[in-house]
Amino acid sequence: MIGYNRRMSTLSLRARPPFSFHSVVHSHGWLQLAPFALEEESQTLTYLLKLASGQVIELRLRDAPGGEAPAGVRVETDERLSRAAQAEVRQRVGWMLALEQDFSPFYTAARREPKLAQVEAQAQGRVLRSATFFEDVVKTILTTNTLWAATIRMTANLVTQFGDSLPADPSRRAFPTPQTLAATTPEALRAETRLGYRAPYIHELATRVDAGELDLEAFKTSELPTPELRKELLKLKGVGPYASANLLMILGRFDFIPIDSWAFKMVSHEWYDGQPVGPAEVEAAFEKWGQFKGLAYWFWDWKYSG
DNA sequence: GGTAGACCTGGACGC
DNA sequence: GCGTCCAGGTCTACC
């Protein structure tokens, strides 16, 4: 269903039930990374998207409780969109909120586990994604070996310095394209964007995508078995075991756990009385969850709050 | 295949 | 204000 005021476009997208807009938006820290932003009062998620046409638009995403119909999301833009642009927005938002993803097998397994008692009722499982997999790979590399505040800052720097502007408000920008980042230099990314040693990794990634040598969007629909897909991700500079598992979660593959320092802390307090633990203990704790390992870990009701 | 050390930034802390 | 220490995953060289 599409409605217009004089200029604005509104699209309603339905999700496979159960669906919770709140759960997917708050599934991890991505909502704090530009060009995402959350308007707390109205619980509106905004995102600046560069369309295939080159036009930059602001998406305003809100919960659309279904009533009798299935729940979903309402998408508003300030521009009147062409049919092609509407289709693109539907496709992008559908991916970003994983509207079609089916978690029923996980919910069935989770019913036997008190620590996952909330997942079905709260429709947890979906992980917020960026519009392109390139953006999610860059953001994931920026989460490694640094504090979260630095990840937020590095991402904001990238968007501010290299993103295309929203015509109505040039201070607001979309995430930079591979072409734009490939056109800069690793030295500039290091010195001006403050990416540190990650700068050459990001630059190489952008250059390979821009040259057509690496098709990151194809990862979204890859039919490779998860271990094979993981090997492909591990070939990317700056992507190690943690980052690859995080990216697999984003791709809807949950066989691996993104083990970081937070995981050690949580598992240590959950099962080892606060004693130091390593990757083996984290793996062992969730081994029985098989293909849902990542989901069980991600949405576990930890007793330690950190 | 496993391990040690380097990588880089910015915040916290002591002086 | 300055110097030092620390946290955070991945890469590379080496065994």
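Sequence lines set the chain letters: A, B, ... in the order given, protein chains first and strands last, and positions in each chain run from 1. These numbers come from a predicted model, not from an experiment.
A:Ala243 comes within contact range of the sugar-phosphate backbone alone, with a heavy-atom separation under 4.0 Å but no base atom that close. No engagement by A:Leu234 is indicated, since no non-hydrogen atom pair under 4.0 Å with the nucleic acid exists. Within the nucleic acid shown, A:Thr146 comes within 4.0 Å of at least one base atom, counting heavy atoms only.
Here the P atom of nucleotide C:dG8 and the CD1 atom of A:Ile152 are 15 Å apart, to the nearest Å. Between the CG atom of A:Asn157 and the P atom of B:dC8 there is a distance of 17 Å, rounded to whole Å. With rounding to whole Å, A:Arg198 atom CZ is found 9 Å from B:dT9 atom P. In this structure, CD of A:Glu192 is placed 17 Å from C1' of B:dC8, rounded to the nearest angstrom. Whole-Å rounding puts the A:Phe264 CZ to C:dG8 C1' distance at 11 Å. Between the CD1 atom of A:Ile202 and the C1' atom of C:dT10 there is a distance of 13 Å, given to the nearest Å. In this entry the distance linking CD1 of A:Ile259 with P of C:dT10 reads 11 Å, nearest Å. Taking atom CG of residue A:Leu195 and atom P of nucleotide C:dG9, one finds them 18 Å apart after rounding to whole Å.
Counting only N and O atoms by type, the side chains of A:Glu113 and A:Trp289 include no donor and acceptor under 3.5 Å apart. One side chain, A:Arg62 or A:Thr44, offers a donor N or O that lies under 3.5 Å from an acceptor on the other.
Mapped onto DNA chain C by nearest heavy atom, A:Leu147 and A:Tyr201 fall at different nucleotides, with A:Leu147 at the one closer to the 5' end. If A:Leu236 and A:Asn145 are placed on DNA chain C by their nearest nucleotide, the residue sitting closer to the 5' end is A:Asn145. Of the two residues near DNA chain B, A:Tyr197 and A:Ala149, the one whose nearest nucleotide lies more 5' is A:Tyr197.
OP1 or OP2 of C:dT12 lies within a sub-4.0 Å distance of a side-chain N or O belonging to A:Lys237. The phosphate of B:dG10 (OP1 or OP2) has a side-chain N or O of A:Arg194 nearer than 4.0 angstrom. Distances shown here put a side-chain N or O of A:Ser261 below 4.0 Å from the OP1 or OP2 atom of C:dG8.
At least one donor-acceptor pair closer than 3.5 Å links the side chain of A:Ser27 to the backbone N or O of A:Leu128. Judged purely by atom type and a 3.5 angstrom limit, A:Ser222 has no side-chain atom pairing as donor or acceptor with the backbone of A:Ala218.
Contact record, A:Phe264 with A:Gly278: CE2-C, 3.4 Å, taken as the closest heavy-atom pair.
Contact annotation: side chain of A:Tyr242 to base of C:dG8, donor-acceptor pair absent below 3.5 Å.
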